[in-house]
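To start, the structure itself, in structure tokens.
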Protein chains: 2
Amino acid sequence: METRELRYFIAVAEELHFGNAADLLQMAQPPLSRAIQQLERRLGVALFDRSGRNVALTIAGEVLLDEGKAALAAVRAAERRTQRAAATPTQIVLAAKAGASNELLTTLLDRYAITPAAAHVDVQLVGVGEPERMLRDGRADVALLLLPFDEPAGFDFTQLNSEGQVALLPIGHPLAKRKRLSTSDLEALPGLPQPRWPEPDGSFLEGDGPTVRDYVQLLQLIGLGRACAIVPESSPRLGNSLAVVPVHDADMVATVIAWPPHSRSRAVAELVASSASVPKIQASLTD
Amino acid sequence: METRELRYFIAVAEELHFGNAADLLQMAQPPLSRAIQQLERRLGVALFDRSGRNVALTIAGEVLLDEGKAALAAVRAAERRTQRAAATPTQIVLAAKAGASNELLTTLLDRYAITPAAAHVDVQLVGVGEPERMLRDGRADVALLLLPFDEPAGFDFTQLNSEGQVALLPIGHPLAKRKRLSTSDLEALPGLPQPRWPEPDGSFLEGDGPTVRDYVQLLQLIGLGRACAIVPESSPRLGNSLAVVPVHDADMVATVIAWPPHSRSRAVAELVASSASVPKIQASLTD
DNA sequence: CCCATTGATACCTCACGGGTATCGAAAAAT
DNA sequence: ATTTTTCGATACCCGTGAGGTATCAATGGG
């Protein structure tokens with residue numbers, strides 16, 4: 001199976017429409033149809049149900065969509081890491097969510113910097129879900145992930161930290177005076193919905209909360225009394241403009257450092273090794 | 001990057017010889033040379049050092065060899081799992097090392113069999129290192145791996161069991177009477193070397209021990225007084241023809257059940273779930 | 001110094017990936 | 001019910017590029 005065939009298949013499987021998929025791929029529809037037929041013939045497997053004029057995935061097709069995406073990401077990762085290895089032999093790219101784990105990150109980088117022959121670490125602070133994607137497709141060599149929001153499946157990782165979560169509320173809100181809250185207190189608060197973050201594909205799920213793409217925007221919305229949110233304790237607060245109340249039954253959030261399996265990079269190994277000596281910060285509420 | 005290019009590159013990178021690689025690939029040498037040049041041009045990266053008449057990998061080339069192998073395995077896995085999903089929709093393939101974890105395996109299968117709508121489990125008992133390889137290239141959906149011998153990097157897994165190791169010696173050997181041994185006792189025993197197992201590529205490392213490919217062969221060699229071995233407690237003994245002595249400082253051996261990341265297979269998920277209820281057997285020495 | 005070895009180059013061929021035109025069936029519209 | 005539109009498949013053509021043979025050029029062993 002060639003990666004070209006995989007790309008074609010994935011486009012059709014996601015669009016469930018040969019014409020639209022062909023547009024995305026910047027090609028005409030007939031060769032795309034033929035390529036898929038040929039792929040089905042070569043695999044000896046029906047990937048689509050073309051009953052009438054609507055296209056649906058078969059069971060086998062769903063499997064190939066899943067596995068194929070992972071495989072394509074692995075190929076892209078191989079390309080990117082190869083190119084980076086040639087361009088800057090002693091540099092590693094670390095991806096982390098902007099705004100999260102600042103203290104952890106600086107400690108980690110400081111510890112690593114003093115190891116002999118430390119490589120230059122290019123720190124990429126990116127949006128929600130991006131660190132995981134960057135690690136998967138080779139744009140990053142190491143990433144700080146937040147569990148349970150990110151999914152470290154397929155990577156090696158070690159935990160750096162674990163913390164509770166707090167509610168961010170507008171100052172003066174009735175709940176803001178409480179010493180602690182539960183998640184149920186915050187569900188369906190009249191006039192204070194929790195915002196919706198983008199899905200991996202950039203779209204938003206249906207719902208009534210405001211849509212939010214970055215953290216500062218979230219804090220602004222809360223300040224304006226239009227939303228509330230549950231965030232890890234260590235998230236930055238931008239001053240004292242919001243009320244902070246612990247949420248006792250929210251998931252614990254773990255920060256892990258993750259890297260691709262089998263990474264033979266000495267630099268990555270040493271960075272991870274120095275991460276082991278980073279103290280497990282228990283973020284306090286009185287910062 | 002197409003998988004064809006990757007296959008070509010890996011062949012050359014492993015042979016470090018264009019002619020031999022072309023033979024392996026069943027093609028002529030010139031188109032192979034050109035394909036590699038083109039790959040280097042497209043990536044914008046030198047993959048080989050062709051100084052004079054010997055070929056060597058560059059740093060970037062080493063990276064691509066590693067990552068490319070993993071990527072190719074992922075593509076093959078996608079193909080295989082797709083084909084299996086089409087052929088037998090409700091069957092999963094479990095790979096385990098022949099002879100290991102028999103009791104664990106039967107308990108696991110029994111527990112799973114009683115879950116509602118349990119899929120048929122095709123149990124493949126294979127040789128050393130094979131379970132990991134089968135899981136990696138898609139021939140298996142789940143595998144029982146033995147740490148630290150197998151390397152679960154890149155998979156999801158949970159531990160089923162942990163046990164010590166014992167020495168197997170010919171009956172009547174001086175050390176056979178001891179209550180416990182240490183690994184150093186067994187190193188360089190005159191006339192009783194530890195055997196050599198095949199490497200992943202099927203070759204054997206240099207050494208003076210007899211070469212061994214399966215477990216029964218190993219037991220025979222020990223019975224004949226030609227070898228000794230350190231094996232997990234729960235390994236089968238084939239009767240009482242060998243002396244068994246605990247080795248107190250050997251690595252603990254963990255049996256884990258591993259599956260590919262992101263596996264959305266309901267059957268695999270349920271098999272893993274039922275594995276959680278398998279009692280953590282502590283194999284006793286008096287079986 | 002010669003020759004064998006080995007990767008690169010030159011050149012040819014044809015398979016195959018991709019394009020346009022069109023068909024046929026099925027759903028939607030009237 | 002009939003027409004129209006939508007959409008994947010088919011037919012056919014073309015050009016790129018993958019692969020083959022012959023040969024060159026450079027390097028290292030004898």
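Quick note on labels: first sequence line is chain A, next is B, and so on, each numbered from 1.
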Worksheet item: Shortest non-hydrogen contact from A:P131 to A:V126?
Response: CD-CG2, 3.6 Å

Item to complete: Could you pick out which residue, A:R4 or B:G19, lies toward the 5' side of DNA chain C when each is mapped onto its nearest nucleotide?
Response: B:G19

Worksheet item: Roughly, in whole Å, what's the span from CE in B:M27 to P in D:dT21?
Response: 11 Å

Fill in: D:dA9 OP1/OP2 closer than 4.0 Å to side-chain N/O of A:S33
yes

Practice prompt. Pick base, sugar-phosphate or nothing for B:Q38, based on heavy-atom distances below 4.0 Å to the nucleic acid.
Written response: sugar-phosphate

Discussion item. Rounded to whole Å, how long is the line connecting atom CD1 of B:I36 with atom C1' of D:dA18?
Written reply: 14 Å

Fill in: Candidate nucleotides C:dA8, C:dG19, D:dG8, ranked by approach to the side chain of A:P31 - the nearest
C:dG19

Worksheet item: Can A:E14 and A:K69 be said to form a salt bridge (Lys or Arg N to Asp or Glu O under 4.0 Å), step by step?
Response: CA-CA 11 Å; A:E14 290 187 328; A:K69 274 185 185 175; 2.9 Å; yes

Discussion item. For D:dG8 and A:Q37 - does any side-chain N or O of the residue sit under 4.0 Å from the phosphate oxygens OP1/OP2?
Written reply: no

Worksheet item: Separation of B:L47 atom CG from C:dG7 atom P, in whole Å?
Response: 15 Å

Worksheet item: Nearest of C:dG7, C:dG19, D:dG8 to any side-chain atom of A:A28?
Response: C:dG19

Worksheet entry | Partner of A:L47 under side chain to side chain contact (heavy atoms under 4.5 Å, CB included), chosen from A:V55, A:L57, A:L64, A:I59 | A:L64

Worksheet item: Nearest to the side chain of A:V55 - D:dA22, D:dG8, D:dA18?
Response: D:dG8

Discussion item. Looking at the base of D:dA9, is there any donor atom on it, or on the side chain of A:Q29, that sits under 3.5 Å from an acceptor on the other one?
Written reply: yes

Item to complete: Would you mind reading off the distance between A:D23 atom CG and D:dG8 atom P, rounded to a whole angstrom?
Response: 11 Å

Practice prompt. Using atom CZ of A:R41 as one end and atom C1' of C:dG17 as the other, report the distance to the nearest whole Å.
Written response: 14 Å

Worksheet item: A:F48 has an atom CZ; how far is it from atom P of D:dC7, in whole Å?
Response: 16 Å

Discussion item. Is it the case that C:dG19 (base atoms only) and A:R34 (side chain only) share a donor and an acceptor within less than 3.5 Å, ignoring hydrogens and angles?
Written reply: yes

Worksheet item: Between atom CD in B:E15 and atom C1' in C:dG7, what is the gap in whole Å?
Response: 15 Å

Practice prompt. Describe the nucleic acid contact of B:Y8 in one word from base, sugar-phosphate, nothing, applying a heavy-atom distance below 4.0 Å.
Written response: sugar-phosphate

Discussion item. Rounding to an integer number of Å, can you tell me how far B:R50 CZ sits from D:dG28 P?
Written reply: 16 Å

Worksheet item: Among side-chain atoms of A:S274 and A:E270, is any donor-acceptor pair under 3.5 angstrom?
Response: no

Discussion item. I'd like to know if the side chain of A:E2 reaches the main chain of B:R4, judged simply by a donor and an acceptor atom lying under 3.5 Å from each other, with no hydrogens or angles considered.
Written reply: yes

